[in-house]
Asks: 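Here it is, the structure in full.
Throughout, a chain's letter reflects where its sequence line sits, starting with A, and its residues are numbered from 1.
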Amino acid sequence: MRKPDRKSIIEGHELRYEYLHYDDEGKVDSSYEALKGVDLDVKEGQFIAILGHNGSGKSTLARQLNALLIPTGGTLFVDGSDTRDESKVWLVRQAAGMVFQNPDNQIISSVVEEDVGFGPENMGVPTKEIWERVRKALTAVGMMEYRKSSPNRLSGGQKQRVAIAGVIAMRPKCIVLDEPTAMLDPGGRSEVVGTVRQLNREEGVTVILITHYMEEVIHADRVIVMDEGKVVMTGTPREIFSRVEDLKKIRLDVPQVTELAYMLKQSGVPLPDGILTIGELTEELGKLKGRK
Amino acid sequence: MLKDITLGQYYPGNSIIHRLDPRVKLMGTMVFIVSLFAFGSVSAYLLATLAIAVVVTTSKIPLKYILKGLKPVFVLMLITVLFNLFLTPGRTVWKFWKLSITAEGIRFAIHMAVRLTYLIIGSSILTFTTTPNSLTDGLETGLGFLNVFHVPVHEIAMMMSIALRFIPILMDETDKIMRAQEARGADFHSGGLIRRVKAMVPLLVPLFVSAFRRANDLALAMESRGYHGGAGRTKMKPLVYRRRDVAAYIAMAVYLILMILLKFFVKIPVNIL
Ligand SMILES: Nc1ncnc2c1ncn2[C@@H]1O[C@H](COP(=O)(O)OP(=O)(O)OP(=O)(O)O)[C@@H](O)[C@H]1O
Ligand SMILES: [Mg+2]
């Protein structure tokens, strides 16, 4: 594992968020607490995955990290800036970039390279450096050859990679991806997850990946499981997926292989907990066979 | 069926006209249109014809393609011309039932026909040779002085470019919703106009819902990428005037001067028109 004494890039303490509904006269008529005291500590360079059933507050949490929502309780520091401090909003957004679920609704320009340049333009980066950043960002996600294309001609996975390039052109320390693969086919999903992992490993970008797909979680350094606005589990993927029963209680699945291994174990095959890949399973089964 | 509408059509090319700064082209189009209405004489139209012929030739856009652009507005033109023809008071030359054609009416109608045709040709050369993006850029930079009068130029340009990005997406979506509803028995193609319009209503609801969701998403995405209006923004592709742009401005000035000279010094007898 990585050095333990890394700097924290995101530190949330007792985070709360309450959605307010207003009636016709503009008075609050109901409220819904989507985050009920979340503690969060993400170190620089980590790959964090966040899991949770629909409505568990994942998106609400993600939007806090980008100062799109401001906590209604508790504190949140992103790269040392308090997100409640209005003067630091742009610093926060620059430190933690955000990729959303729908690839179409986050691409602003009708030319790929111009879209990637949008963030740096907003930051006031000089023209020459914008081009440099756009080139690097598009190369990093492998979309350089499409720089002159219209986003409408790209596949879902490609669009999402353009969206990622648009974020990394802002040179953030951290990228928050809110279900970036939910609308993609399996090919597009592995394209996007592959790109994200590569950015994490090679460029050292901190990644916070929110997802419904368990297979995308197994490479994370740490998994955070949310339910009803709270963090209910946290640990390495292996630790988390060893707790099949607990996950089922909060309506979450485990990767298919883990499920299979779990079922085999239930019916008497002596396998260890938390098997994550097909390779691991065949190896374990091979060992059993050798013993006989 | 919606794909047939080509919006802001661009005719790809690499001619000098294509490469001109969009501000120059916007200005040129404006000068041309104003000249049509300010100098209405045979000689002025001849000069305008010459000017447009030069531009079309250098732009390397086939004449046929340009004339095709006139087709959709032909009916509108016809109506305008007919109105002018029949409703201008003056010396009657021909009378049938309650309709009468006057000499002034004929003159007006011819003027209108020439002006409208040239107006459409002129502005379509602009859209044929300029990508929508650079057109918006040109508007934003070229009209930047309007900021002084509190016209939100940057915001309008941003709206235009977002519209250009989302029109194809929304059209696709309309097509999809139509097909989904057709599969369930809706009929958009038969019946009178009223029936067809009525059939479109259930289309609008899902379309609006989706458009608002997209708008909401996009606003979030723009905010998260640090967008906070035009102030303090830099440009990835700033507009820079080159020598050819200066030359084009000079050509425009020469055109205007010639127009003025024609007005005062060349008198072609009015009774031709
Ligand atoms: N704008 C809003 N106004 C009121 N309540 C909201 C709003 N947005 C979300 N909520 C509520 O807050 C809770 C958490 O929502 P959130 O979007 O964070 O969940 P999520 O974990 O991202 O779910 P999903 O997996 O569906 O994306 C949900 O119960 C939701 O209904
Ligand atoms: Mg969500």
Asks: Specify the closest pair of heavy atoms between B/S161 and A/S110, including all atoms of both residues, with the distance to one decimal.
Replies: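 It is O-OG, 4.4 Å.
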Asks: Taking side chain as everything from C-beta outward and backbone as N, CA, C, O, which of these in A/D178 sits under 4.5 Å from a heavy atom of chain B? Side chain, backbone, both or neither.
Replies: neither
Asks: Just checking, any donor-acceptor pair under 3.5 angstrom between side chains of B/R165 and A/N152?
Replies: yes
Asks: How long is the straight-line distance from CG of B/D172 back to CG of A/D104, given to the nearest 0.5 Å?
Replies: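 Here the rounded value is 9.0 Å.
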Asks: Does CZ in B/R244 sit with more than 12 non-hydrogen atoms of other residues, nucleotides or ligands closer than 6.0 Å?
Replies: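 More than 12 heavy atoms, drawn from other residues, nucleotides or ligands, come within 6.0 Å of this atom.
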Asks: Looking at chain B, which one of A/K128, A/M123, A/E114 has the largest number of heavy-atom pairs inside 4.5 Å, strictly under?
Replies: A/E114
Asks: Looking at B/F74, I want to see if its CZ is surrounded by more than 12 non-hydrogen atoms of other residues, nucleotides or ligands under 6.0 Å.
Replies: no
Asks: Quick one: does B/L220's side chain get under 4.5 Å of A/F100's, heavy atoms only?
Replies: yes
Asks: I need the residue from A/G117, A/G97, A/G166 with the largest number of non-hydrogen atom pairs under 4.5 Å to chain B.
Replies: A/G166
Asks: Compare all side-chain heavy atoms of A/E113 with those of B/K237 and state whether any distance is below 4.5 angstrom.
Replies: yes
Asks: Given the options B/A221, B/A231, B/P168, B/A215, which has more heavy-atom pairs under 4.5 Å with chain A than any of the others?
Replies: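 Answer, by heavy-atom pair count under 4.5 Å with chain A: B/A221.
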Asks: Identify which part of A/V176 has an atom lying under 4.5 Å from any heavy atom of chain B, answering side chain, backbone, both or neither.
Replies: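 Answer is neither: A/V176 stays 4.5 Å or more from chain B.
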Asks: Please state whether the side chain, the backbone, both or neither of A/I108 comes within less than 4.5 Å of a heavy atom of chain B.
Replies: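 Both parts, backbone and side chain.
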Asks: Using modelled atom types and a 3.5 Å cut-off, is there a donor and acceptor pairing between side-chain atoms of A/W131 and backbone atoms of B/M236?
Replies: yes
Asks: Any idea which heavy atoms bring A/I107 and B/L218 closest together, and the distance?
Replies: O-CD1, 4.1 Å
Asks: Salt bridge between B/K235 and A/E121, side-chain N to carboxylate O under 4.0 Å?
Replies: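 A/E121 and B/K235: not salt-bridged.
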Asks: Out of A/T127, A/V111, A/V89, A/V99, return the one with the most heavy atom pairs under 4.5 angstrom to chain B.
Replies: A/T127
Asks: Can you tell me if B/I16 has over 12 outside heavy atoms packed within less than 6.0 Å of its CD1?
Replies: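 No, CD1 of B/I16 has 12 or fewer neighbouring heavy atoms, counting only those of other groups under 6.0 Å.
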Asks: Would you say the side chain of B/E223 lies within less than 4.5 Å of the side chain of A/R93, judging by non-hydrogen atoms?
Replies: yes
Asks: Mark yes when over 12 heavy atoms from residues, nucleotides or ligands other than B/M222 sit less than 6.0 Å from its CE; otherwise mark no.
Replies: yes
Asks: Return yes if some donor-acceptor pair links the side-chain N/O of B/R225 with the main-chain N/O of A/P120 below 3.5 Å, else return no.
Replies: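 No: the side chain of B/R225 does not pair with the backbone of A/P120.
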Asks: Which answer fits A/V92, side chain, backbone, both or neither, if we ask what part of it has an atom under 4.5 Å from a heavy atom of chain B?
Replies: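 A/V92 has no heavy atom closer than 4.5 Å to chain B.
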Asks: Shortest non-hydrogen contact from A/M98 to B/S224?
Replies: CB-OG, 3.9 Å
